[in-house]
Each structure stands twice: as structure tokens, then as C-alpha cells.
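Right, I'll just put the structure down here and ask away after.
Note that the structure is a prediction, hence the values are computed from the model and not measured. Per chain, numbering begins at 1; letters A, B, ... match sequence-line order.
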Amino acid sequence: MKRTLFFAASFFALSAAASLIAGAAPSTPAKWWKLGERSGSPAKTRARITRYYQRMFPRLTLQDYALGSGALSKDMRRQDEELGAFSPAGFVLDKGAKLWRRPFPDGKSYASCYPDGGKGAAAHYPFYSDRQQGVVTIPVSLNACREKHGLKPLPYGKPEIVALETYLTSLSNGAPIAVEARSQGAVRAFRAGQEFFFRDEGQLGLACASCHFGAVGHYLRAQLLSPALGMTATFPKYRMKWGKVGTIDQRFRGCQKKIRAKPEPFESVNYRNLQFFLAYLGDGITIKVPGNGP
Amino acid sequence: MPASSNRISRAFAAALAVLAAGAAAHAASPAAIASGKKIAFSRKKGNCIACHSLPGAAMPGNVGPRLGPWIKSVFRTKQDLVQYLYDPQAKVPHVVMPKFGKNDVLTETELRQVADYLWSLKR
């Protein structure tokens, strides 16, 4: 029974693959769940994961992964580009720039909190802070900056902080993601993010990895499941579904709702570890923000 | 053919149908099949078409195989299919599919109705 089903499953995976678009149709290699193994260095895990996708999509270069599901389908890519032409994300960027330049009560501004006034800074986010014993994401750093200069923190996920994050991240457009995981704490945070990515959650009992490794390149109704590599490179992103620009945490919340799990608050420990894990996987992939997608 | 003989043959066919229905006492009722289909297509319930193609589904997903009559040769009994839907990983470890019974996504009755529907697929 087990065997018959397994063969049936592989047969259908292959035939479904053959009928998919653009020749990028994947037949999922067996044992994707083994990518959840937490042995060796983070670099080794990243190499294993990159190899997994390379085997599945041999024609893609590392940079192609910045396109998300657009890397796997010409139609999807065209759709994203067309969206970009009419995207209201530019307004959010302008709003972010304005907020960024507004002086604090002490005369300083956000730029004073980042090296080089924020230029290229986002490529190194998120990072693990030994002092704070946790992952520091861009929104967390923006609020820390405010508090340092006598302002109240902004509520996460709301338009103001999303606009600021969009602007600050855009100052690294064209730069490759350069996130490191060297210290003991950083490795622990990376592993925690990986563990979360592979943990079955919600009533549907699915993990991030179930879809983004196990079923990557397949369709969930009309939605093409994207690779985990480079996921962070285009966030904050304008999504037609949202009708606004949102952060990667907002995307995490959407995925969690879909698997009927309780979404976590923005910038929760789990989400920050997850951001760290994903950004590290995407090292070398060029940042392009704000992204556009369905 | 005279009208009377036509009537007789119709009566005969009806009797045969009753007999056949009796022999397959556990065959699914059209109502159960219809309920099963509704569950399979509903986003809030089974949502089978999120991942599987089924006859009449608009924009189905393709994470899993297109569902059709092959199901009967793979599962042999309808109860085996219900068991699979209840906890797929018990049969195929790591398969990307929700535990529809074990995680209380669907009730026992609903699982049986979905199985009735899937068992009835002709293409």
C-alpha cells in the first residue's frame, strides 16, 4: 500500500511537472525534509539548500531568485513587471523619504543611527546582536533609533514604519544581501529560524518548508509557490492582494493564517529568527525594493 | 415492438436496478457524493482543489496528482481511502497533505462523504 502510493505519487509528480510552464517544471527531489537537519555550519546548510534548488531549476542563476515565483514562470514574471508599472509603491517610498528626513526633537534624524547615513545598511540586516541577545531587524532598529532620540516607538506593521523600512531598504538597492552568522548566538538564531521554517504548524499541519521546498514550483490554486532563496530581497513589497506595501512579517502572517495557525505579532522572536534565516540563505542576491507581486 | 412488451422490459430493468442496489448495499447515495464534492471544492472545508485537479474545478492547484478513477486501484477499499485522508503521513511519511481527520479539519462523516465522492469519479 505504502509503496504503491509512493510510486503513484512520484508518477504524478513527474507528469504534473511535464505539463508545467516554461520548462522550469520541477519534479521535487525526494527527502526535501532533510534540509531541516541542523548539523554543520549555517554556510553548509545554505549550500545544501542552494544545491537542492539548483538541481530542481538548473537554468536559474542565483540572481534569478530575487524574482521569487517570477523566476519559475514567464507569465508570473510578466505579471509582476506589469504590476510594477502601475504600482503605488512609489508613493510609499516618497512618504518614507519624507519621514526619514524629518528631524527628531534633538535635531538629529534617522540617518544618524546608521553608518553612512543608511546607505547600504539594509544589506547587513537583520543581524544578531550579542548585546540584545536577539535578531535586530530593520523595524526594530528604527524604533531603537527613535527611542535613543526621545521619541516613542512606532507600532509595527503600520504604514509609517513600513514606509520608513521601505525607504531605508531602498538605500541598499543594487547591493547584495550580506548577512553573517558567525557568533554562537547568531548560529543559534539561524538554527531557530530554520527549525521554525520546518515546523508543522496550524490545523493543516504544514510547515513553510512543505510548500517552499516540498511543493516549490507547483501551484496552490492560482498561486505559484516560490523558492525560499532570495525571499527577503524584494520586501517591503506591494502586493495586489493587500492593495498596499507590506513587510515580510505581513507575508509570514498570511501564510500562517492560510495553514490555520495563529499568526504571530510583527517582529516576534520567531519572525525575527525566520527573517534572519531567510536573509542568510539569500546572501549575494541583489536587493530590489519595493518589490511588486500578485 | 408492442407497447406492452416495452412496458415489461422497463419493469424488468427497474427490478434489476433494485437488485443491483441491494447487492451494493454500501454504495454511496447521490446525496453523500454531492456533499463530498461540495466539501472538496470549499475553501473552508476540504479545499482539495487547492492542490488537486478535479472534474469541474476552475484554476485547481497541482501540488498533488489530478484525482480520478485511479484512486480505486491505489486504495482498494473506500475505508483505506478514508484512513488515508484521516492521516496521510501514517501511510506516506512527509507527504505534503493536511491530516484532515487527525487534526479535526473534517468530521468522520465529512471524510466518508469526500471518499464517496472521490470513489465516484469517472474520469
Side-chain angles (χ1 to χ4, degrees), chain A residues 1-21 25-36 69 72-73 75 198 200-225 257-261 294, chain B residues 40-54 56-107 110 118 121:
Chain A
M1 171 79 178
K2 217 180 237 182
R3 262 189 117 132
T4 337
L5 261 182
F6 178 77
F7 285 125
S10 10
F11 170 74
F12 282 106
L14 283 171
S15 56
S19 67
L20 258 177
I21 27 73
S27 67
T28 313
K31 301 191 180 165
W32 53 267
W33 54 91
K34 291 217 162 181
L35 300 170
S69 57
L72 310 182
S73 150
D75 286 347
F198 281 84
D200 289 345
E201 286 257 319
Q203 197 186 29
L204 299 191
L206 297 172
C208 309
S210 311
C211 287
H212 297 285
F213 287 120
V216 61
H218 290 91
Y219 284 85
L220 211 54
R221 289 193 192 244
Q223 189 170 24
L224 182 54
L225 294 165
K257 282 182 209 160
K258 202 168 252 178
I259 57 171
R260 301 183 193 170
Chain B
F41 279 58
S42 152
R43 272 176 206 272
K44 291 226 163 87
K45 287 288 188 176
N47 204 8
C48 304
I49 60 172
C51 294
H52 298 277
S53 183
L54 277 165
M59 288 266 226
N62 67 357
V63 171
R66 163 191 284 274
L67 302 176
W70 61 268
I71 288 176
K72 277 181 275 199
S73 46
V74 170
F75 287 96
R76 295 206 299 266
T77 72
K78 213 190 277 181
Q79 188 50 37
D80 275 0
L81 174 58
V82 172
Q83 270 306 312
Y84 184 76
L85 297 173
Y86 184 86
D87 181 7
Q89 288 74 22
K91 292 241 160 61
V92 184
H94 303 290
V95 66
V96 179
M97 184 162 158
K99 299 180 201 309
F100 286 100
K102 206 174 175 184
N103 283 4
D104 292 322
V105 180
L106 299 175
T107 65
E110 288 171 331
L118 295 177
L121 293 175

One should read off an interatomic distance between B:Asp104 CG and A:Gln203 CD, to the nearest 0.5 angstrom, of 7.0 Å

If we define contacts as heavy-atom pairs under 4.5 Å, which of B:Lys102, B:His52, B:Met97, B:Lys44 has the most with chain A?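 Among B:Lys102, B:His52, B:Met97, B:Lys44, the one with the most close pairs to chain A is B:Lys44.
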
Contact part of A:Leu204 toward chain B, heavy-atom cut-off under 4.5 Å: side chain, backbone, both or neither? both

Closest heavy-atom contact between B:Lys45 and A:Arg260? O-NH2, 3.6 Å

Under a 4.5 Å heavy-atom cut-off, does chain B meet the side chain of A:Ile259, its backbone, both or neither?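 Neither part.
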
Considering the options B:Val63, B:Asn47, B:Asn62, which one meets the side-chain contact (heavy atoms from CB on, under 4.5 Å) requirement together with A:Leu220?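 Among the candidates, only B:Val63 passes.
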
Parallel, tilted or perpendicular, as decided by the 30° and 60° cut-offs, for the rings of A:Trp32 and B:His94: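 Perpendicular: the ring planes of B:His94 and A:Trp32 meet at over 60°.
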
